[in-house]
Amino acid sequence: MTVEESRTMQAVQNIARKVDNFTLRDYFASQALAGIMTNIKQDFSENPQEHIAKICYDYADALIKEREK
């Protein structure tokens, strides 16, 4: 594990201590949400919150899958 990876994991662990049941998947999804919300330009559907939440967790799942390779 590199120094940067170690720092990132420490940051995630610090966040997890503050929020019950906060997982790496939740962290990745929250980061995806931050990026999406800074660039949002359209309404995705009749219920954009649920649609955007699904997209965020889809990104999180893809990151975890790639990380496991």
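Keep in mind that this is a model prediction, so the values were computed, not measured.
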Interatomic spacing from [atom1] in [X] to [atom2] in [Y] - rounded to 0.5 Å:
X     : Y     : atom1 : atom2 : value
Arg25 : Cys56 : CZ    : SG    : 10.5 Å
Arg67 : Leu24 : CZ    : CG    : 5.0 Å
Gln49 : Leu33 : CD    : CG    : 11.0 Å
Thr23 : Ile64 : OG1   : CD1   : 6.5 Å

### Summary
Tightest non-hydrogen contact, residues Ala60 and Ala29, listed as CB-N, 3.6 Å
### Task
Is it possible for you to say whether Ile55 and Tyr57 belong to one hydrophobic cluster, with membership spreading through side-chain heavy-atom contacts below 4.5 Å?
no
### Query
Charged N to carboxylate O below 4.0 Å: is that the case for Asp61 and Lys65?
no
### Over 12 foreign heavy atoms within 6.0 Å of CD, Gln31
yes
### Task
Please name all residues satisfying side chain to side chain donor-acceptor pair (under 3.5 Å) with Glu68, sequence neighbours left out, ordered by chain then number.
none
### Query
Can you tell me if Thr8 uses its side chain to pair, donor with acceptor, with the backbone of Glu4 under 3.5 Å?
yes
